[in-house]
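Have a look at the structure below before the remarks.
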Amino acid sequence: MEQEKTKMEAMLRSILDEILESKLTAILSSILDAKLKTYEESMNFYNTKFETMKGKMEGLEEQAKTLAQENGRLRSDSAKMKKEISDLRSALDEQAQYTRRDCLEIRGVPVTTGEDTNVIVKKIGALIDVDINDTDISISHRIPSSNHGASGSTSFRHPAIVVKFTNQKNRDLFYKARSKWKSYNTSDIGLGCNGESKMYIQKSLTEEKRNLFKSCLKFRKDQKYKFIWTYYGVIYLRHNEHTPASRITSVRDLEKLQPRQSASESTSTTTTEVFYQPI
């Protein structure tokens with residue numbers, strides 16, 4: 001009897017264990033299914049968000065690529081336009097300089113009331129042994145000076161006289177004889193009442209070329225170049241008697257000359273001078 005009771009108890013325990021295991025499995029499965037469903041829904045939500053963001057990023061990258069291409073095209077067009085404008089300005093300046101090929105400027109001559117600039121030019125010509133008649137002068141007049149003695153200016157500069165000759169021969173003779181002019185001053189042409197002052201004869205340059213010439217003068221001084229001159233509106237620099245002349249048409253040409261200077265040249269104490277070619 002005792003054995004049967006033990007067997008019965010073991011059987012009941014087994015049945016209870018199976019029932020309990022079955023119930024627990026069902027409960028756990030239900031809980032797990034709910035959790036997995038929630039997790040799957042969350043994953044689907046984030047995946048949808050990710051795909052949306054990915055699409056937007058790809059769209060933005062495509063827009064950025066398009067904008068970069070457009071920006072590159074605009075930069076290229078801008079560079080072309082700048083070059084065309086620069087070339088056009090250079091061409092206009094060359095044309096303006098060409099119209100001055102028969103012109104010279106006389107600086108340092110005091111202004112007088114009722115003056116006749118043609119008469120002044122002829123007086124100067126007589127002093128430097130160049131016979132100038134009215135028929136040799138196409139036109140002459142004063143041109144504005146950059147300094148008229150206004151407030152804050154350091155000195156008074158008389159407006160220069162520009163004279164256009166009727167032929168190149170007389171213009172060149174007048175210019176070549178300018179060295180004789182160094183021994184004269186304003187009193188020698190009857191204009192010394194306000195004090196004697198030196199006068200200068202120089203070629204007529206456009207404003208752009210005058211500014212470039214000033215830059216060349218500074219470069220000549222800084223880099224110890226010996227010669228500088230103009231030839232029909234074109235500026236030339238030459239380091240010394242043993243080096244070739246360099247044609248200067250823009251500031252970029254000066255920049256190209258910079259590396260050519262050696263260390264020994266930079267410390268040289270060679271005397272420099274401004275040299276002007278006769279024509």
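Computed from a predicted model, the values in this text were never measured in an experiment. Index from 1, following the sequence.
- Scanning for salt bridge (Lys or Arg N to Asp or Glu O under 4.0 Å) contacts around Lys218 gives Asp222, with sequence neighbours left out.
- Under a 3.5 Å cut-off, the side chain of Asn71 and the backbone N or O of Leu67 do not form any donor-acceptor pair.
- Shown here are the side-chain contact (heavy atoms from CB on, under 4.5 Å) partners of Thr52, two or more places apart in sequence or in another chain: Thr48, Lys56.
- Within the 4.5 Å cutoff, no side-chain heavy atoms of Thr166 are placed close to those of Thr135.
- Considering only residues two or more places apart in sequence or on other chains, Asp116 meets the side-chain contact (heavy atoms from CB on, under 4.5 Å) condition with Asn118, Val119.
- For the pair Val163 and Ile132, the minimum side-chain heavy-atom distance is 4.5 Å or more.
- Both tests pass for Arg178 against the ring of Tyr175: distance under 6.0 Å to the centre and angle within 45° of the axis.
- Side-chain N or O atoms of Arg100 include one that pairs as donor or acceptor with a backbone N or O of Leu205 at under 3.5 Å.
- The side-chain contact (heavy atoms from CB on, under 4.5 Å) search around Asp253 returns Ile248, Thr249, Ser250, Lys256, not counting sequence neighbours.
- Atom CD1 of Ile128 and atom NZ of Lys176 lie 13.0 Å apart (nearest 0.5 Å).
- Ile27 belongs to a hydrophobic cluster whose other members, connected by ILVMFWY side-chain contacts under 4.5 Å either directly or through intermediates, are Ile31.
- Residue Val251 is grouped with residue Ile235 when hydrophobic side chains (ILVMFWY) are merged at heavy-atom distances under 4.5 angstrom, including chains of intermediate members.
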Could you tabulate the donor-acceptor pairs under 3.5 Å formed by side-chain atoms of residues 84-95, not counting sequence neighbours?
{"from": "Asp87", "atom 1": "OD2", "to": "Lys83", "atom 2": "NZ", "distance (Å)": "2.9"}
{"from": "Ser90", "atom 1": "OG", "to": "Ser86", "atom 2": "O", "distance (Å)": "3.0"}
{"from": "Asp93", "atom 1": "OD1", "to": "Thr206", "atom 2": "OG1", "distance (Å)": "2.7"}
{"from": "Asp93", "atom 1": "OD2", "to": "Thr206", "atom 2": "OG1", "distance (Å)": "3.4"}
{"from": "Asp93", "atom 1": "OD2", "to": "Lys209", "atom 2": "NZ", "distance (Å)": "2.7"}
{"from": "Glu94", "atom 1": "OE2", "to": "Lys209", "atom 2": "NZ", "distance (Å)": "2.9"}

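- Using bins of under 30°, 30° to 60° and over 60° for the plane-to-plane angle, the ring pair Trp229/Tyr236 lands in the parallel bin.
- Taking Glu41 as the reference, Lys37 meet the side-chain contact (heavy atoms from CB on, under 4.5 Å) condition, with sequence neighbours excluded.
- Cluster partners of Phe45, by chain and number: Tyr46. The rule joins Ile, Leu, Val, Met, Phe, Trp and Tyr whenever side-chain heavy atoms lie under 4.5 Å apart.
- In this structure Glu70 satisfies the salt bridge (Lys or Arg N to Asp or Glu O under 4.0 Å) test together with Arg73, sequence neighbours excluded.
- Between the side chain of Arg238 and the main chain of Thr243, a donor-acceptor pair closer than 3.5 Å is present.
- Remark: side-chain polar atoms of Ser78 are not paired, donor with acceptor, to backbone N or O of Leu74 under 3.5 angstrom.
- With sequence neighbours excluded, the residues that form a salt bridge (Lys or Arg N to Asp or Glu O under 4.0 Å) with Asp129 are Lys180.
- Ion pair Lys122/Asp134 flagged as a salt bridge, since at least one NZ, NE, NH1 or NH2 atom sits closer than 4.0 Å to an Asp/Glu carboxylate oxygen.
- Every residue was checked against the salt bridge (Lys or Arg N to Asp or Glu O under 4.0 Å) condition with Lys182, not counting sequence neighbours, and none meets it.
- The hydrophobic cluster around Tyr98 extends to none of the other residues, as no ILVMFWY side-chain heavy atom falls under 4.5 Å of it.
- Between Trp181 and Tyr184, the angle of the ring planes lies from 30° to 60°, which puts this pair in the tilted group.
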